[in-house]
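In this text, all values refer to a predicted model and were calculated from it rather than measured experimentally. For reference, positions follow the sequence shown, starting with 1.
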Amino acid sequence: MKKIMILMVLVLIGLTTAANENNSASINERLYKAKVRELVYRLKITADQQKKFEPIYRSYCEEMSALWAERKRPIKPGTSTEAAAMAKRKMEMQQRAQGIRMKYIDKLATVLNAGQVSRFFEVESIIQKKLKERHDQARGQ
């Protein structure tokens with residue numbers, strides 16, 4: 001547990017440092033590398049597996065980033081019809097994200113063992129949650 005907390009602090013420090021840089025491509029690359037390190041650590045991915053895992057995970061991240069980049073900034077709905085339309089758009093995005101996850105699970109299964117595959121999305125979700133919390137804290141929310 002202590003090791004996990006130390007690793008998360010190091011990842012967050014890396015992300016904080018990356019946030020101070022002006023080049024967004026560099027920030028995105030550092031973020032990607034931090035996520036890979038965390039996945040490798042938590043899933044106990046071997047060096048051989050990592051070589052095969054990284055290109056698959058990079059493609060997965062790029063597709064997910066492209067999907068979420070389409071998201072429009074939510075505004076408070078004025079009517080129940082607008083609220084329903086916003087809810088539908090959110091569910092459609094979630095459905096498309098689920099489709100991307102379904103597409104990549106078979107690819108990941110060619111590299112990771114059964115235990116790693118079964119935990120992959122759980123661990124990835126934990127990482128995303130931590131990143132969102134860190135982002136919200138930085139924005140003062």
Side-chain angles (χ1 to χ4, degrees), residues 1 3-141:
M1 185 65 176
K3 288 180 182 179
I4 292 172
M5 292 304 292
I6 290 170
L7 183 61
M8 285 305 295
V9 168
L10 291 175
V11 168
L12 293 176
I13 289 170
L15 293 175
T16 302
T17 302
N20 291 330
E21 294 181 13
N22 292 330
N23 187 342
S24 65
S26 175
I27 292 168
N28 289 338
E29 185 61 22
R30 293 176 100 180
L31 178 61
Y32 167 78
K33 287 179 180 179
K35 287 166 56 177
V36 168
R37 281 192 304 269
E38 184 71 7
L39 285 162
V40 165
Y41 173 77
R42 285 181 176 242
L43 297 176
K44 297 178 176 64
I45 295 173
T46 66
D48 186 47
Q49 286 177 308
Q50 186 175 351
K51 289 176 191 171
K52 297 171 188 170
F53 170 79
E54 282 196 51
I56 296 169
Y57 187 63
R58 183 175 295 278
S59 295
Y60 167 78
C61 287
E62 287 170 357
E63 283 195 44
M64 291 299 276
S65 292
L67 171 67
W68 295 117
E70 296 174 20
R71 182 178 53 196
K72 294 181 181 172
R73 192 110 177 110
I75 56 171
K76 291 193 178 196
T79 66
S80 58
T81 304
E82 290 172 346
M86 286 177 65
K88 285 180 184 179
R89 277 196 305 274
K90 182 177 180 179
M91 286 184 266
E92 286 169 356
M93 294 292 280
Q94 290 170 340
Q95 197 170 35
R96 288 173 57 200
Q98 191 65 13
I100 293 169
R101 290 182 193 102
M102 296 280 287
K103 173 182 168 182
Y104 279 91
I105 195 71
D106 290 330
K107 293 178 182 183
L108 291 167
T110 64
V111 175
L112 304 176
N113 66 39
Q116 292 167 326
V117 170
S118 66
R119 290 199 58 232
F120 173 78
F121 289 113
E122 174 190 340
V123 171
E124 219 241 346
S125 177
I126 291 167
I127 293 168
Q128 294 295 2
K129 182 180 176 187
K130 293 286 184 190
L131 290 173
K132 184 179 180 338
E133 288 172 0
R134 179 70 181 140
H135 179 28
D136 290 347
Q137 285 177 350
R139 293 181 65 205
Q141 294 180 349

Point-to-point distance, once rounded to the nearest 0.5 Å, from [atom1] of [X] to [atom2] of [Y]:
X	Y	atom1	atom2	answer
Q116	L43	CD	CG	6.0 Å
I100	W68	CD1	CH2	8.5 Å
R96	M64	CZ	CE	10.5 Å
N28	C61	CG	SG	10.5 Å
F120	S125	CZ	OG	11.0 Å
K90	Q94	NZ	CD	5.5 Å

Only counting residues at least two apart or in another chain, list the ones meeting side-chain hydrogen bond (donor to acceptor under 3.5 Å, both in side chains) with T46.
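In terms of side-chain hydrogen bond (donor to acceptor under 3.5 Å, both in side chains), with neighbours along the sequence ignored, T46 is linked to Q49.
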Scan for ring-ring contact (aromatic ring centres under 6.0 Å, His included) pairs involving residues 81-100, sequence neighbours excluded, and state none if there are none.
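Listed once each, the pairs would be none.
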Quick check: do K129 and K132 have side-chain heavy atoms less than 4.5 Å from each other?
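Side chain of K129 against side chain of K132, heavy atoms only: no contact under 4.5 Å found.
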If the condition is side-chain contact (heavy atoms from CB on, under 4.5 Å), which residues does [X] pass it with, not counting sequence neighbours?
X	result
V40	V36, I45, Q50
K44	none
T110	I56

Evaluate the side-chain contact (heavy atoms from CB on, under 4.5 Å) criterion for residues E38 and K35: first the C-alpha distance (whole Å), next the side-chain angles of each, then the deciding distance (0.1 Å), finally the verdict.
CA-CA 5 Å; E38 184 71 7; K35 287 166 56 177; 5.7 Å; no
If you look only at pairs with a residue in [range], which of them pass as a salt bridge (charged side-chain N to carboxylate O under 4.0 Å, His left out), with sequence neighbours excluded?
range	result
residues 113-125	none
residues 97-108	E63-K103
residues 45-60	E29-R58, D48-K52

For F121, enumerate each residue passing the ring pair (Phe, Tyr, Trp, His ring centres under 6.0 Å) test, keeping only those at least two apart in sequence or located in another chain.
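Listed in chain order: nothing, the list is empty.
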In chain order, what residues pass the ring pair (Phe, Tyr, Trp, His ring centres under 6.0 Å) check against Y104, with sequence neighbours excluded?
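If we apply the ring pair (Phe, Tyr, Trp, His ring centres under 6.0 Å) test to Y104, skipping adjacent residues, the hits are Y60.
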